[in-house]
Amino acid sequence: MAQSRYNPRDRETHWQKVWADKDLFHAKDDDPGEKYYVLEMFPYPSGRIHMGHVRNYTMGDVVARYKRAMGFNVLHPMGWDSFGMPAENAAIQRGVHPREWTYANIDAMRGQLKALGLSLDWSRELATSDPEYYAQEQRLFLDFLQAGLVSRHTAKVNWDPVDQTVLANEQVIDGKGWRSGAEVEQRELTQWFLNISDMSEELLDALDGLERWPDKVRTMQRNWIGRSEGLQFKLDLVDDTNAPAGELEVFSTRHDTIFGMTFCAVSIDHPLAQQAAENDAGLAEYIEEVRRIGTTEEALEKAEKTGHALGLRVVHPFIEGKTVPVFAANFVLMSYGTGAIFGCPGHDQRDFDFCKALGIDIIPVVASADLKGEALAGYVSGYCDRDEIYDGDGVLINSEFLDGLGIPAAKEEIAKRFEAKGKGERKVNYRLRDWGVSRQRYWGCPIPVIHCPTCGVVPVPDKDLPVELPDDVTFDKPGNPLDHHPTWKHVACPKCGEAAVRETDTFDTFVDSSWYFARFCAPHADIPTVREQVDAWLPVDQYIGGIEHAILHLLYSRFFTRAMKATGHVGLDEPFAGLFTQGMVNHETYKLADGSWVMPSDVRIEGEGTARKALHVETGAPVRIGPVEKMSKSKHNTVDPEDIIGHYGADTIRWFMLSDSPPERDVQWTEAGVEGAWRFVQRLWRLVTDLAPRAGSRDAEQPATFGEDALALRRATHKALSEVSKDIEALRFNRAVAHIYEFANTLSALPENKDEDFGWALREALETLIVLFGPMMPHLGEECWKQLGASDALLTETPWPKVDAELLVEDTVTIAVQVNGKRRDELTVARDAPKEDIEAAALRLENVLRAIEGRDIKKVIVVPQRIVNVVA
RNA sequence: GCGGACGUGGUGGAACUGGUAGACACACGGGACUUAAAAUCCCGAGGGAGGUGACUCCCGUGCGGGUUCGAGUCCCGCCGUCCGCACCA
């Protein structure tokens with residue numbers, strides 16, 4: 001039969017229009033089906049979609065289409081995380097207004113996403129930079145403020161000197177700004193904070209309930225929150241004349257080692273150090289020096305441990321007459337615990353290093369329980385010469401009343417004694433800091449407060465919301481354009497009417513993305529959320545996005561949801577019931593001899609294996625093939641999805657993105673891989689057009705019985721249906737793809753059977769095949785569906801077929817026969833054959849007899865439907 | 001340093017709760033079709049040895065041990081790669 005090639009360019013736009021005209025992806029609030037909310041992390045509108053987006057949104061779309069076919073009422077929305085620095089950079093560099101730049105990008109990217117054939121509900125589209133959206137964000141913030149979930153105070157903050165803004169701790173990566181890559185400095189500024197640390201315990205505990213989250217992400221969040229249990233207690237201070245000089249409060253998780261205390265140390269920012277520095281020029285100088293070196297993480301890593309005595313001593317709480325010196329030390333952080341520690345060099349590496357450097361005593365107070373007598377004496381006397389401290393399990397030594405106790409018992413004893421004296425209490429400390437959300441930037445959501453000289457901080461009244469960004473701003477000098485604006489910030493105080501100024505800081509853009517999933521439930525409402533809608537749609541059943549948001553966005557969203565619950569905007573704690581983190585898209589990197597990067601599209605590859613060479617297309621110059629790395633603009637190893645869609649169509653790129661690599665792992669983009677996907681698109685088209693004429697009429701009744709060929713085909717059909725369904729359900733797209741290939745291979749090698757029952761089975765098989773690949777290649781699916789004349793409805797409207805479980809059960813099974821654990825033969829027996837029969841048949845096999853070689857048979861293990869193992 | 005994940009052919013990867021290792025794909029080799037190429041179709045293939053042959057044997061899931069009738073899978077100890085956190089007391 002004459003073959004026409006499937007032309008995706010033409011057909012894909014056709015089917016996209018058909019779907020749009022029928023409004024098939026509009027999520028209706030009153031649909032009777034069970035709801036299913038599938039969401040992919042919304043993009044920043046940088047201008048063009050990249051392969052990571054394609055992978056992410058394709059996965060989500062497969063789930064959405066599958067769930068829809070399963071009868072769920074699916075919510076699958078899309079929006080834009082459209083505030084942020086790049087828009088301002090464009091304004092600075094190219095003189096284009098951030099709004100114009102952003103919305104032009106959104107238009108371009110919307111078109112690209114539509115070309116992918118995603119089954120999105122565009123009626124719910126939102127952009128965080130729309131006043132419609134950020135007005136509600138301002139309402140939320142003011143509600144949080146009223147509920148005590150927000151605070152404003154000066155704090156040492158991470159200052160990005162390039163972006164000229166503050167960064168949250170989570171946005172500092174290896175001491176550098178997450179966006180600019182600049183070395184972050186420490187500055188003291190007044191900032192707005194969301195009190196996320198108040199929820200440390202809740203955020204930590206609730207991780208256990210997030211069963212459909214990757215363990216990796218839960219572990220990362222656990223570590224980030226960083227819970228540690230210990231004792232916070234006060235030690236008496238004396239000055240150099242031995243007169244009482246107040247108290248020093250410290251926190252420790254190893255208070256069992258109190259008898260090993262040989263010094264105490266405070267942060268250079270600790271009040272005690274500050275105070276002492278006033279009368280001690282040497283100390284003041286030391287503090288300055290530490291501060292200078294101490295701003296970058298890199299410096300911290302290399303810095304030797306140093307300290308400067310304060311001239312104070314701490315009285316040992318349990319050893320009569322013993323005092324130890326107090327230092328200001330460079331390794332003690334003001335931001336954790338009390339900013340002060342007691343030093344036990346015996347069992348803390350940092351304290352150990354410090355004491356070695358300063359020549360302070362080291363006393364071991366914990367030893368492994370099996371050290372006795374001489375061995376124990378050797379351990380103690382040789383301790384100072386070790387390179388590493390002992391921090392393993394053991395019993396207390398050199399510790400008077402604690403001697404012989406285990407570590408937990410010793411901790412308990414010490415805690416009790418401090419509590420009894422009223423000088424200490426058990427405390428849980430967290431590493432998690434409050435979330436600073438003030439940014440000194442223009443292109444963000446204005447923080448809706450007014451600063452009045454008499455009334456202080458005054459929330460903008462609801463009737464005056466939203467506080468809109470002014471359009472007429474300039475970017476000709478560094479700093480915040482809102483602050484430079486001649487009039488915008490000058491307003492009358494809503495309380496007293498006197499002259500006041502607006503807050504000119506805007507929100508961190510992570511605020512915008514911390515609640516958009518809730519906004520999608522009623523995206524155009526004039527209040528932040530409509531309870532009826534959020535209660536119906538939330539939580540997100542399946543959230544899909546990159547692992548890079550494991551902490552930042554996902555932790556903030558979890559906090560925000562709780563804050564929204566506290567203020568009545570939602571009714572639940574956890575926004576995302578299921579989370580999936582997809583891997584990255586990688587590509588080889590290419591460089592010319594002079595070290596400059598070359599785009600893949602400018603490289604021609606020749607040869608295979610070790611003879612594989614790359615040449616520059618334009619000049620023919622040799623190109624060095626570098627390591628496979630994440631696609632990034634800086635390495636010039638990106639491939640533009642639009643080019644691929646233009647060349648091969650959306651179905652091909654979608655199929656390739658789902659093939660081969662498990663979705664949570666990185667995938668390597670290769671030209672050969674795309675071509676393979678393209679060939680399969682054409683192959684499916686040929687398969688359906690070739691076989692369609694042999695398929696029975698769609699109106700034919702199901703035959704009462706099936707012949708051997710028809711039955712075999714039906715078994716293959718239902719096996720594929722069962723496997724692919726399970727795979728999609730578990731997001732194992734690569735396996736779903738493999739099972740579809742397998743089924744297609746079966747259909748390519750059908751027997752020449754013209755019987756009516758076979759025709760019926762063939763129609764069933766073809767319809768099933770199309771349904772199975774439909775979520776992945778929806779345009780080709782529709783086209784094949786029409787070609788087959790499957791039904792009057794679209795494939796997209798067709799329910800997922802039901803598996804006939806009886807067809808999954810084979811009558812006979814082939815099992816392996818082992819002798820002493822080595823496979824020697826196989827055996828095909830009836831599925832329900834009794835053990836004795838299987839054993840007898842196995843022992844008749846020639847290969848088995850030869851392997852036994854006349855030895856005695858000691859035992860025969862028969863696992864029906866699995867294996868036989870003869871032990872001889 | 002701490003925490004976590006992973007290690008299977010030339011390559012990406014399959015293998016459900018321990019039960020025929022290498023499904024499926026890519027790349028490759030051979031053949032058919034074609035004037036030729038592309039496309040397509042058929043065949044082959046973990047490594048090694050033996051046999052004319054349907055076949056048979058040995059080795060094989062990073063390395064070394066262990067548990068088990070049986071280990072890619074479980075346990076112990078190494079090696080390597082990747083990721084996260086990192087002076088958090």
Side-chain angles (χ1 to χ4, degrees), chain A residues 3 5 173-174 214-224 226-228 230 250-255 257 265 294 297 300-301 303 305 329-333 335-344 347-351 353-354 388 391 429-433 547-548 550-551 608-610 656 659-662 664-668 670-677 679-680 682-683 686 726 730 732 734-745 748-749 814-827 847 850-851 858-863 865-872:
Chain A
Q3 278 293 341
R5 258 155 83 107
I173 292 147
D174 292 333
D215 286 340
K216 185 188 168 94
V217 174
R218 292 199 281 175
T219 304
M220 280 166 71
Q221 290 210 356
R222 242 174 237 127
N223 291 341
W224 188 265
R227 179 182 202 272
S228 49
V250 299
F251 174 76
S252 174
T253 56
R254 286 302 302 274
H255 38 288
T257 63
E297 300 253 343
L300 286 178
E301 206 160 315
K305 297 207 169 14
N330 64 345
F331 68 97
V332 181
L333 304 175
S335 58
Y336 189 79
T338 61
I341 59 160
F342 87 80
C344 173
H347 303 283
D348 180 285
Q349 191 64 46
R350 294 155 302 184
D351 297 350
D353 296 344
F354 182 75
E388 289 187 335
D391 60 359
N429 256 319
Y430 296 92
R431 215 189 69 113
L432 185 66
R433 301 269 78 87
I547 186 77
E548 67 272 20
I551 295 172
E608 289 299 328
T610 48
F656 175 66
S659 306
D660 294 344
S661 283
E664 70 278 10
R665 270 194 238 174
D666 289 358
V667 63
Q668 191 188 342
T670 63
E671 195 59 29
V674 187
E675 273 167 17
R679 279 200 300 272
F680 190 59
Q682 295 300 336
R683 191 180 149 208
R686 279 196 310 275
K726 276 191 280 185
R732 294 181 302 224
N734 59 320
R735 297 212 306 196
V737 163
H739 283 122
I740 289 170
Y741 269 115
E742 214 168 357
F743 187 39
N745 289 346
S748 297
T814 301
I815 60 176
V817 181
Q818 300 180 331
V819 176
N820 293 331
K822 279 190 178 163
R823 182 181 170 280
R824 292 299 172 187
D825 210 334
E826 59 183 32
L827 193 61
N847 286 342
R850 188 172 44 237
K858 294 198 188 98
K859 194 154 66 159
V860 179
I861 288 149
V862 179
V863 183
Q865 298 169 46
R866 275 274 149 80
I867 205 160
V868 177
N869 191 9
V870 180
V871 186

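Note that the coordinates shown come from a computational prediction; the quantities given were computed from them, not determined experimentally. Reminder, nothing fancy here: chain letters follow the sequence lines and each chain counts from 1.
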- Task: Just call it for A:Thr219: base, sugar-phosphate, or nothing, with non-hydrogen atoms closer than 4.0 Å on any strand.
- Result: sugar-phosphate

- Is any N or O donor-acceptor pair between the side chain of A:Asn869 and the base of B:rC69 shorter than 3.5 Å? yes

- Query: Across the strands shown, which category fits A:Arg679 at heavy-atom distances under 4.0 angstrom: base, sugar-phosphate, nothing?
  - Reply: sugar-phosphate

- Counting only distance, no hydrogens or angles, is the base of B:rC69 paired donor-acceptor with the side chain of A:Lys858 under 3.5 Å? no

- Item | Proximal nucleotide (of B:rA14, B:rA89, B:rG70) relative to the A:Gln818 side chain | B:rG70

- Item | Separation between CD1 of A:Ile341 and OG of A:Ser252, rounded to the nearest 0.5 Å | 9.0 Å

- Query: Is there a side-chain contact between A:Leu827 and A:Ile815, using heavy atoms and a 4.5 Å cut-off?
  - Reply: yes

- Distance between P atoms of B:rA23 and B:rU8 (Å, rounded): 16 Å

- Query: For atom P, what is the distance between B:rU68 and B:rC63, given to the nearest Å?
  - Reply: 23 Å

With the criterion being N/O to N/O and under 3.5 Å, what pairs connect the protein with nucleotides 51-61 of chain B, and how long is each?
residue, atom, partner, partner atom, Å
B:rU56, OP1, A:Asn847, ND2, 2.6
B:rC57, OP1, A:Arg824, NH1, 3.4
B:rC58, OP1, A:Arg824, NH2, 3.3
B:rC58, OP2, A:Arg824, NH1, 3.0
B:rC59, OP2, A:Lys822, NZ, 3.1

- Here the distance between atom C1' of B:rC24 and atom CZ of A:Phe680, to the nearest Å, is 10 Å

- Could you please name the partner base of B:rC33, counting Watson-Crick and G-U wobble pairs only when both distances are under 3.5 Å? none

- So, is A:Ser228 near the phosphate of B:rA89, with a side-chain N or O under 4.0 Å from OP1 or OP2? yes

- Message: Taking A:Val817's backbone N and O only, do any of them form a donor-acceptor pair with A:Asp825's side chain (distance below 3.5 Å, no angle check)?
- Response: no

- Query: Which nucleotide sits closest to the side chain of A:Ile867: B:rC69, B:rU20, B:rC41?
  - Reply: B:rU20

- Using purine N1 to pyrimidine N3 plus N6-O4 or O6-N4 for Watson-Crick, or N1-O2 and O6-N3 for G-U wobble, both under 3.5 Å, which nucleotide pairs with B:rU68? none

- Query: Across the strands shown, which category fits A:Asp351 at heavy-atom distances under 4.0 angstrom: base, sugar-phosphate, nothing?
  - Reply: nothing

- Using heavy atoms to find the nearest nucleotide of RNA chain B for A:Gly337 and A:Ser661 separately, return the residue whose nucleotide is more 5′. A:Ser661

- Please state how far atom CZ in A:Phe251 lies from atom P in B:rC87, giving the value in whole angstrom units. 17 Å

- Item | Base-pairing assignment for B:rA23 (Watson-Crick or G-U wobble, both under 3.5 Å) | none

- Message: What's the separation between atom CG in A:Leu432 and atom CD1 in A:Ile551, rounded to the nearest 0.5 Å?
- Response: 10.0 Å

- Base, sugar-phosphate, or nothing for A:Glu742, non-hydrogen atoms under 4.0 angstrom? sugar-phosphate

- Message: Tell me every residue that passes side-chain contact (heavy atoms from CB on, under 4.5 Å) with A:Ala744, counting only those two or more places apart in sequence or in another chain.
- Response: A:Phe680, A:Arg683, A:Leu684, A:Leu687

- Item | Rounded distance in Å - CZ (A:Arg222) to C1' (B:rC83) | 17 Å

- Within the pair A:Arg665 and B:rG13, is there a side-chain N or O less than 4.0 Å away from OP1 or OP2? yes

- Message: For a 4.5 angstrom cut-off between non-hydrogen side-chain atoms, does A:Val860 reach A:Val871?
- Response: no

- Query: Does B:rG12 sit syn or anti, given that only angles within 90° of 0 count as syn?
  - Reply: anti

- Query: So what does A:Asn734 hit on the nucleic acid, given a heavy-atom distance under 4.0 Å: a base, only sugar-phosphate, or nothing?
  - Reply: sugar-phosphate

- Query: Looking only at atom P, what distance separates B:rU61 and B:rC82, rounded to whole Å?
  - Reply: 24 Å

- Message: Taking pairing as Watson-Crick or G-U wobble with both contacts under 3.5 Å, can you name the mate of B:rC2, or confirm there isn't one?
- Response: B:rG84

- Message: Does A:Thr814 reach a base, just sugar-phosphate, or nothing at all? Heavy atoms under 4.0 Å.
- Response: base

- Who pairs with B:rA54 - Watson-Crick or G-U, where each distance is under 3.5 Å: none

- Query: Distance between the P atoms of B:rG77 and B:rG84, in whole angstroms?
  - Reply: 26 Å

- Whole angstrom is fine here: how far is it from CZ in A:Phe331 over to P in B:rC87? 12 Å

- Message: Please pick, from B:rG12, B:rC87, B:rA89, the nucleotide with the shortest atom-to-atom distance to any side-chain atom of A:Lys305.
- Response: B:rC87

- Message: Suppose we define a pair by two distances each less than 3.5 Å, Watson-Crick or G-U wobble; what does B:rU17 pair with here?
- Response: none

- Item | Rounded distance (Å) that lies between atom C1' of B:rG3 and atom CD1 of A:Ile547 | 14 Å

- Item | Gap between atoms CE and C1', on A:Met220 and B:rC82 respectively (whole Å) | 13 Å

- Query: Within less than 4.0 Å of OP1 or OP2 of B:rA89, is there a side-chain N or O belonging to A:Tyr336?
  - Reply: yes

- Query: Counting N and O atoms only, with roles assigned by atom type, does the side chain of A:Asp348 sit under 3.5 Å from a partner on the main chain of A:Gly343, one being a donor and the other an acceptor?
  - Reply: no

- Mind checking the C1' distance from B:rG65 to B:rG53? Whole angstroms is fine. 43 Å

- B:rA89 phosphate, OP1 or OP2, under 4.0 Å from A:Arg431 side-chain N/O: no

- Message: Expressed as a whole number of angstroms, how long is the span from A:Asn745:CG to B:rU40:C1'?
- Response: 15 Å

- Output, in order, the C-alpha distance, side-chain angles, deciding distance and verdict of side chain to side chain contact (heavy atoms under 4.5 Å, CB included) for A:Phe342 and A:Asp351. CA-CA 9 Å; A:Phe342 87 80; A:Asp351 297 350; over 6 Å; no

- Query: P atom, B:rA32 versus B:rA37: distance in rounded Å?
  - Reply: 11 Å

- Query: With a non-hydrogen cut-off below 4.0 angstrom, is A:Val860 in contact with a base, only sugar-phosphate, or nothing?
  - Reply: nothing

- Note on the structure: Nearest heavy-atom approach of A:Tyr336 to A:Tyr430 is CE1-O, 3.7 Å

- Could you tell me whether the side chain of A:Arg433 and the main chain of A:Ser335 form a donor-acceptor pair under 3.5 Å? yes

- Atom NE2 of A:His739 and atom P of B:rA25 are separated, to the nearest Å, by 12 Å

- Message: In whole Å, measure the gap between the P atoms of B:rC26 and B:rC43 for me.
- Response: 15 Å

- Item | P gap between B:rG19 and B:rC87, integer Å | 45 Å

- Nucleotide opposite B:rG46 in a Watson-Crick or G-U pair, distances under 3.5 Å: B:rC59

- Nearest-nucleotide check on RNA chain B, A:Asn820 vs A:Val667; residue mapping nearer the 5' end is A:Val667

- Message: Looking at every non-hydrogen atom in both residues, tell me the closest pair between A:Met220 and A:Ala550 and how far apart they are.
- Response: CE-CB, 3.5 Å

- Message: Less than 4.0 angstrom between a side-chain N/O of A:Arg732 and OP1 or OP2 of B:rC24, yes or no?
- Response: no

